4 protein chains.
Amino acid sequence: MQSSTPAGRAGRPRSAAADTAILAATRAALVDLGWSKLTLGDVATRAGVAKTTLYRRWAGKNELVVDAVAELFDELELPDSGSLAADIEGVVLQFATILARPEAASGLMAVVAESTRDAALRERIRTSIVERQKRLVLEGRARAEARGELPPEPDAGQAGRTVDLIFDLVAGAVVHRTLVSAGAADEEWVRDLSRVLLTGLAGTVQEPAAPR
Amino acid sequence: MQSSTPAGRAGRPRSAAADTAILAATRAALVDLGWSKLTLGDVATRAGVAKTTLYRRWAGKNELVVDAVAELFDELELPDSGSLAADIEGVVLQFATILARPEAASGLMAVVAESTRDAALRERIRTSIVERQKRLVLEGRARAEARGELPPEPDAGQAGRTVDLIFDLVAGAVVHRTLVSAGAADEEWVRDLSRVLLTGLAGTVQEPAAPR
Amino acid sequence: MQSSTPAGRAGRPRSAAADTAILAATRAALVDLGWSKLTLGDVATRAGVAKTTLYRRWAGKNELVVDAVAELFDELELPDSGSLAADIEGVVLQFATILARPEAASGLMAVVAESTRDAALRERIRTSIVERQKRLVLEGRARAEARGELPPEPDAGQAGRTVDLIFDLVAGAVVHRTLVSAGAADEEWVRDLSRVLLTGLAGTVQEPAAPR
Amino acid sequence: MQSSTPAGRAGRPRSAAADTAILAATRAALVDLGWSKLTLGDVATRAGVAKTTLYRRWAGKNELVVDAVAELFDELELPDSGSLAADIEGVVLQFATILARPEAASGLMAVVAESTRDAALRERIRTSIVERQKRLVLEGRARAEARGELPPEPDAGQAGRTVDLIFDLVAGAVVHRTLVSAGAADEEWVRDLSRVLLTGLAGTVQEPAAPR
DNA sequence: TGCTAACCGAGACGGTACGTCGGGTCTTAGT
DNA sequence: ACTAAGACCCGACGTACCGTCTCGGTTAGCA
């Protein structure tokens with residue numbers, strides 16, 4: 001009979017503004033209340049939105065917070081400071097700065113905790129946050145190769161393993177420093193970290209070639 | 001946790017068995033339900049204890065879980081494998097093994113998340129879990145010095161900084177690998193990690209000395 | 001319900017079929033769900049109509065159900081059985097039969113309950129249902145007078161009062177019997193009722209005769 | 001181990017005051033809001049009680065309101081006015097007065113409406129309200145017999161049927177008059193009603209006798 | 001035949017109340 | 001003074017309907 005309802009078309013379309021408002025409200029609530037006292041009702045109120053609207057778009061607190069936090073890490077960008085070491089220090093410092101913000105720390109750790117029992121959530125975290133930021137490592141390597149600081153990586157498999165290890169080392173160390181050891185991830189600490197990292201990788205990755 | 005009937009003594013003394021039962025029940029509940037679905041009522045039931053009893057001894061869910069999880073890490077011990085590298089690999093692997101258990105991962109991450117907004121809880125985690133296990137780093141260093149693998153650290157302040165950094169690196173990397181990257185922290189990965197670590201530290205901390 | 005294109009006329013006229021479908025769907029929903037679980041969304045779905053269409057024509061659940069139920073009572077008609085007593089029994093039995101239908105009972109009682117706090121609704125019920133059926137009492141009296149069973153009523157005011165009383169007695173008794181006492185309003189019961197009624201009225205209406 | 005927990009014994013006993021407060025709050029809410037806008041949350045608040053306490057004792061709105069309304073009718077008592085006619089008028093007037101109160105009308109009709117789809121509720125209404133008040137009819141008859149106004153009823157079955165009919169007639173008529181016809185059930189109307197009733201019953205039930 | 005206004009379906013929207021669940025406290029009786 | 005049991009107040013949960021509001025699309029009736 002009718003043909004011009006291509007797939008899902010009829011009815012009032014979803015408000016695009018609502019998404020934005022809800023994610024912002026979620027971050028604000030994380031700042032004020034932290035994960036455990038954050039309620040979806042409160043988020044809805046802050047966003048000027050009905051609770052139902054929120055549930056229509058996200059399955060629950062976990063999914064909502066993942067999205068809200070993921071946006072935070074999109075701010076990260078690789079500074080072009082002229083040397084690999086400086087580049088690393090710069091981006092690690094940015095990461096530490098973001099993680100020092102209460103909405104990032106509280107939200108991220110909580111969803112990671114939840115994800116230990118929810119594979120779908122774990123996957124969502126990985127794609128929305130982790131994989132998404134590996135771009136920084138890749139960019140950094142490319143830039144360093146261009147500068148001649150690093151030889152081109154011949155083996156793609158090995159390269160992937162190294163990127164993963166770097167990421168776990170950096171992200172893990174910053175998180176642990178900030179949240180568990182309760183120390184400041186300041187410039188000095190970041191310098192120590194990146195020095196260990198660079199030296200360690202230099203001496204490891206191209207094992208046979210460089211006797212240093 | 002509780003005093004040993006300080007002075008005033010009348011009345012029935014607290015059951016010592018209850019403490020043990022409650023902590024075990026807490027871990028069991030963490031395994032079955034995870035942090036967020038764990039309820040104190042359920043823990044009490046599993047422990048065969050009234051909710052009242054539980055609240056008389058712990059302030060709430062957070063404190064209870066910290067204690068329950070802390071016990072897990074007391075299992076860690078430094079194997080004497082003959083070389084620093086092997087020692088490190090051994091203990092890191094143990095750590096990864098414990099962290100792979102659902103009650104450890106779920107519980108630990110959750111209380112860390114909570115601790116971002118609760119200084120007292122953060123302190124409790126630090127003393128009950130983190131500082132308590134730094135013994136491993138210290139033992140390892142001492143043993144390595146005795147073997148002649150490392151020179152004695154002259155500067156105590158510098159030594160502390162290095163221990164902290166090592167701890168953040170190792171613990172952070174394992175946690176990130178296990179929970180976020182969702183990769184196995186297996187022997188191969190641990191070998192990569194400890195190689196980077198040793199090389200990095202050797203080339204950094206005692207700059208002039210070590211040619212390796 | 002709606003005017004017949006009052007003056008401004010352009011545009012598509014309302015579907016007449018929709019009204020019919022909606023009222024039928026309402027009765028069907030009353031049968032299946034009863035008043036309290038009846039939802040307008042469900043009625044709309046059953047009628048194959050959008051919720052909007054429904055709200056464009058009725059103010060709410062109450063008004064809709066009044067109209068849906070009112071139609072049921074238009075089925076009533078006064079049988080010509082030859083005697084006043086038989087006529088009364090016949091019509092009362094019809095009334096009882098209708099009231100035994102779940103859509104009538106459930107819907108009618110519910111709107112009456114609502115009407116205790118809503119004068120407009122009460123008026124709507126009175127005009128759409130009650131007054132509309134008083135025709136039966138008037139017809140019955142006229143027929144009885146024609147037969148010579150009753151003397152002509154001289155005083156119009158008094159006549160009105162009597163009609164009202166009869167109506168309250170009959171309708172009230174049937175409703176109470178059916179819904180509250182949970183007894184069947186069967187032929188035997190109806191015979192008892194109409195005998196009491198006729199006797200009582202006969203001894204009463206012609207007041208002046210009996211000094212009491 | 002323990003034996004002296006006879007059946008249901010352990011734990012804090014239910015507050016008796018809460019029941020009273022809740023029923024009173026229910027009636028107050030009926031007055032202010034009517035049935036359909038009455039919410040259990042609001043009743044709980046008015047009663048100074050948690051919603052859970054309320055749900056622990058009543059299955060829902062219907063059951064609660066039945067109990068709340070039932071208490072109202074316990075106020076009814078048969079006045080001893082010296083004659084059967086006057087006794088009837090007196091008690092009918094009392095009944096009408098109670099029914100004129102908004103909490104009675106709104107609540108009673110609503111639960112009757114609900115009861116059309118819920119046999120358990122219907123039974124609860126019958127026992128808690130209807131049967132409970134038949135005492136009035138029985139008392140009235142006994143008193144009239146003692147006065148010699150009525151001959152003793154020989155047949156018990158017939159007596160029951162008559163009592164039921166009277167009850168349906170009186171209660172039904174008053175309800176219909178008050179709620180549907182929207183007329184006042186005042187002294188004059190009550191006199192008309194009871195006259196019809198007495199006459200009708202006198203001429204019917206003891207067919208042969210009726211001297212009057 | 002083509003305009004155009006009022007209609008129609010679908011479905012998202014801001015709300016309100018639901019009935020349930022868990023947190024932590026308190027009141028019993030029993031050890 | 002402890003314990004188990006369980007009722008208590010509180011507040012959040014996720015769901016269901018309410019009645020309103022856009023949408024895109026249809027369908028008379030007048031020109």
Side-chain angles (χ1 to χ4, degrees), chain A residues 1-6 8-15 18 36-42 44-45 47-57 59-61, chain B residues 5 8-15 18 36-42 44-45 47-56 58-61, chain C residues 5 8-15 18 37-42 44-45 48-61, chain D residues 1-6 8-15 18 36-42 44-45 48-57 59-61:
Chain A
M1 196 60 58
Q2 93 289 25
S3 58
S4 46
T5 38
R9 188 59 49 178
R12 180 174 173 175
R14 290 196 176 165
S15 157
S36 64
K37 313 213 155 181
L38 178 153
T39 64
L40 295 203
D42 182 64
T45 304
V49 141
K51 226 179 1 160
T52 37
T53 298
L54 208 151
Y55 277 105
R56 215 174 279 123
R57 301 172 188 215
K61 204 163 149 173
Chain B
T5 52
R9 99 188 33 302
R12 177 174 173 179
R14 286 191 180 166
S15 156
S36 63
K37 314 215 154 182
L38 176 154
T39 68
L40 295 200
D42 181 64
T45 305
V49 141
K51 243 194 328 174
T52 326
T53 302
L54 207 152
Y55 276 105
R56 219 173 275 124
W58 284 276
K61 203 163 149 173
Chain C
T5 53
R9 101 213 57 16
R12 175 177 176 179
R14 286 192 179 162
S15 156
K37 312 215 156 180
L38 177 152
T39 70
L40 295 202
D42 181 64
T45 304
V49 141
K51 243 195 327 175
T52 327
T53 300
L54 207 152
Y55 276 106
R56 223 174 271 125
R57 303 175 188 210
W58 284 276
K61 202 164 151 172
Chain D
M1 195 63 58
Q2 92 290 25
S3 57
S4 46
T5 38
R9 188 57 53 176
R12 179 175 173 175
R14 291 198 175 163
S15 157
S36 65
K37 314 215 154 181
L38 177 154
T39 64
L40 295 202
D42 181 65
T45 305
V49 142
K51 231 183 350 163
T52 36
T53 298
L54 208 152
Y55 277 105
R56 215 174 280 122
R57 302 174 188 214
K61 205 164 147 171

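Since we're looking at a predicted model, the values are computed, not measured. A note on names: the letters A, B, ... follow the listed sequences, proteins ahead of strands, and every chain is numbered from 1. Side-chain atoms are counted along with the backbone in the values below, which use heavy atoms only and exclude waters and symmetry mates.
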Trainee: Pick out which of C:T53, C:T52, C:T45 makes a side-chain contact (heavy atoms from CB on, under 4.5 Å) with C:V49.
Mentor: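 Between C:V49 and the candidates, side-chain contact (heavy atoms from CB on, under 4.5 Å) is satisfied uniquely by C:T53.
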Trainee: Hey, is the side chain of C:K51 pairing donor to acceptor with the base of E:dG11 inside 3.5 Å?
Mentor: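 Looking at the base of E:dG11, it does not pair with any donor or acceptor on the side chain of C:K51 (distance under 3.5 Å).
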Trainee: When we call it a touch if two heavy atoms are under 4.0 Å apart, what does D:L54 touch: a base, just sugar-phosphate, or nothing?
Mentor: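 Here D:L54 touches no strand at all.
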Trainee: For DNA chain F, whose closest nucleotide is more 5', that of B:R56 or that of A:T52?
Mentor: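 Between the two, 5'-proximity favours B:R56.
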Trainee: Determine the minimum heavy-atom distance between A:A44 and A:A50, stating which atoms define it.
Mentor: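 What the structure gives for the nearest pair is CB-C, 4.0 Å.
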Trainee: Between D:K37 and A:V49, which has a closest nucleotide on DNA chain E that is more 5'?
Mentor: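 Upstream on the strand: A:V49.
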Trainee: For C:L40 and C:Y55, run side-chain contact (heavy atoms from CB on, under 4.5 Å): C-alpha distance rounded to whole Å, both residues' side-chain angles, the deciding distance at 0.1 Å, then the answer.
Mentor: CA-CA 9 Å; C:L40 295 202; C:Y55 276 106; 3.4 Å; yes
Trainee: Please give, in whole Å, the distance from F:dG14 P to A:Y55 OH?
Mentor: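 Going from OH in A:Y55 over to P in F:dG14 covers 3 Å.
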Trainee: Atom CG of B:L38 to atom P of E:dC21: distance rounded to whole Å?
Mentor: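 B:L38 atom CG is separated from E:dC21 atom P by 17 Å.
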Trainee: Does any donor-acceptor pair link the side chain of A:R12 with the base of F:dC21 at a separation under 3.5 Å?
Mentor: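 Yes, a donor-acceptor pair under 3.5 Å.
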Trainee: Rounded to whole angstrom units, what separation is found between the NZ atom of A:K61 and the P atom of F:dC13?
Mentor: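 In whole Å, F:dC13 P lies 6 Å from A:K61 NZ.
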Trainee: With a cut-off of less than 4.0 Å, is there a side-chain N or O of D:R57 near OP1 or OP2 of F:dC8?
Mentor: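 Yes, D:R57 has a side-chain N/O under 4.0 Å of OP1/OP2 on F:dC8.
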Trainee: For B:L38, is there any backbone N or O sitting under 3.5 Å from a side-chain donor or acceptor partner on B:K61?
Mentor: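 Yes; at least one donor-acceptor contact below 3.5 Å.
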Trainee: Please work out if C:G60 contacts a base, only the sugar-phosphate, or nothing of the nucleic acid, heavy-atom cut-off 4.0 Å.
Mentor: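 The residue C:G60 makes no contact with any strand.
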Trainee: Let me know, please, whether D:T53 or B:A18 comes out on the 5' side of the other along DNA chain F by nearest nucleotide.
Mentor: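 This one resolves to B:A18.
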Trainee: Which heavy atom of C:R57 sits nearest to which heavy atom of C:S15, and what is that distance?
Mentor: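 The pair with the smallest heavy-atom distance is NH1-O, 2.9 Å.
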Trainee: Rounding to a whole Å, what distance do you find between D:L40:CG and E:dA17:P?
Mentor: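 In whole Å, E:dA17 P and D:L40 CG are 11 Å from each other.
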Trainee: For the side chain of A:A10, starting at C-beta, report the closest nucleotide among E:dA10, E:dT28, F:dA4.
Mentor: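 Minimum distance to the A:A10 side chain belongs to E:dA10.
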Trainee: When you get a sec, tell me which of F:dG29, F:dA4, E:dT25 is the closest nucleotide to the side chain of C:P13?
Mentor: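 Per side-chain heavy atoms of C:P13, the pick is F:dG29.
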Trainee: How many whole angstroms separate atom CZ of A:R14 from atom P of E:dA12?
Mentor: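 It works out to 6 Å between those atoms.
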